[in-house]
Amino acid sequence: QLQLVESGGGLVQPGGSLRLSCVGSGVTLDYYAIGWFRQAPGKEREGVSCIASIRSGHGETYYADSVKGRFTISRDDAKNTVYLQMNSLEPEDTAVYYCAADGLILFRLCDQDEYEYWGQGTQVTVVS
């Protein structure tokens with residue numbers, strides 16, 4: 001059974017950076033697409049950035065328009081970890097960030113309905 005644990009959230013000023021980590025246990029993450037999603041107060045959860053599984057072979061990544069050029073998703077297979085590097089943070093980035101995993105993406109890489117396994121979330125707060 002795959003378990004995911006996020007870390008790295010915190011309080012940061014606008015323009016600052018954070019790196020979120022999603023560590024998998026129980027199963028290697030190589031076989032899973034990994035997504036980062038976020039939910040701000042009063043808003044629906046949205047896809048932020050997702051990366052295809054290693055076995056898919058195509059290395060596809062997805063970024064929401066609101067984070068393109070600021071966020072970078074990456075995998076460290078040796079550590080069974082996926083990162084989300086977040087730079088130039090804005091107050092609008094304030095949310096609980098969740099990582100999720102799925103072994104078979106049928107349609108859209110960053111559609112949350114595709115993802116079976118979820119972490120507990122980590123809070124990111126961007127405030128002056």
* How close do S53 and S56 get, heavy atom to heavy atom, and via which atoms? -> O-OG, 2.6 Å

* Taking T122 for the side chain and Y97 for the main chain, is one N or O donor matched with an acceptor at less than 3.5 Å? -> no

* Asked: Is any side-chain heavy atom of Q3 closer than 4.5 Å to a side-chain heavy atom of S25?
  -> yes

* Separation between OH of Y115 and SG of C50, rounded to the nearest 0.5 Å -> 4.0 Å

* Roughly how far apart are Y98 OH and R38 CZ, rounded to 0.5 Å? -> 13.5 Å

* Verify, without hydrogens or angle tests, whether D111 (side chain) and I105 (backbone) share a donor-acceptor contact under 3.5 angstrom. => no

* Taking the side chain from R55 and the backbone from G103, do they hold a donor-acceptor pair closer than 3.5 Å? -> yes

* Counting N and O atoms only, with roles assigned by atom type, does the side chain of D30 sit under 3.5 Å from a partner on the main chain of I54, one being a donor and the other an acceptor? -> no

* Apply the side-chain contact (heavy atoms from CB on, under 4.5 Å) test between V82 and each candidate in V23, L29, L20, L4; give the one that qualifies. => L29

* Does the Q112 side chain pair with the main chain of R45, one donor and one acceptor, at a distance under 3.5 Å? -> yes

* No-hydrogen, no-angle side-chain donor-acceptor test under 3.5 Å, Q123 and T125 -> yes

* State plainly whether the residues E114 and R108 are in salt-bridge range, i.e. N to O under 4.0 Å. => no

* Asked: Aromatic ring centroids of F71 and W36 under 6.0 Å?
  -> no

* Structure fact -> When every non-hydrogen atom of V48 is compared with those of C110, the smallest separation belongs to N-SG, 4.4 Å

* Look at the rings of F37 and W118 and say which category their plane angle falls in: under 30° parallel, 30 to 60° tilted, over 60° perpendicular. => tilted

* Under 4.5 Å between any side-chain heavy atoms of L84 and M86, yes or no? -> yes

* Structure fact -> Output for pair (S49 OG, I34 CD1), nearest 0.5 Å, gives 11.5 Å

* Atom pair CD/SG of E6 and C22 - distance to nearest 0.5 Å -> 5.5 Å

* Is there a donor-acceptor contact under 3.5 Å from the side chain of R75 to the main chain of A52? -> yes

* Side chains of T81 and D76: donor-acceptor distance under 3.5 Å anywhere? -> no

* Heavy atoms, side chains only, cut-off 4.5 Å: are Q85 and S74 in contact? -> no

* To do: Give a yes or no answer on whether the side chain of N87 reaches the backbone of S17 with a donor-acceptor pair at less than 3.5 Å.
  => no

* **Where G8 and L18 come nearest, the two heavy atoms and their spacing** => O-CD2, 3.8 Å

* Are the charged groups of R70 and D93 less than 4.0 angstrom apart, N to O? -> yes

* **Distance-minimising heavy-atom pair for A33 and L109** => CB-CD1, 4.0 Å

* **Over 12 non-hydrogen atoms of neighbours within 6.0 angstrom of OH in Y31** => no

* Report yes if the side chains of V127 and T94 come closer than 4.5 Å at any heavy-atom pair, otherwise no. => no

* Asked: Y83: what forms a ring pair (Phe, Tyr, Trp, His ring centres under 6.0 Å) with it, not counting sequence neighbours?
  -> none

* Asked: CG of D113 to CD of E116: how many Å apart, nearest 0.5 Å?
  -> 13.0 Å

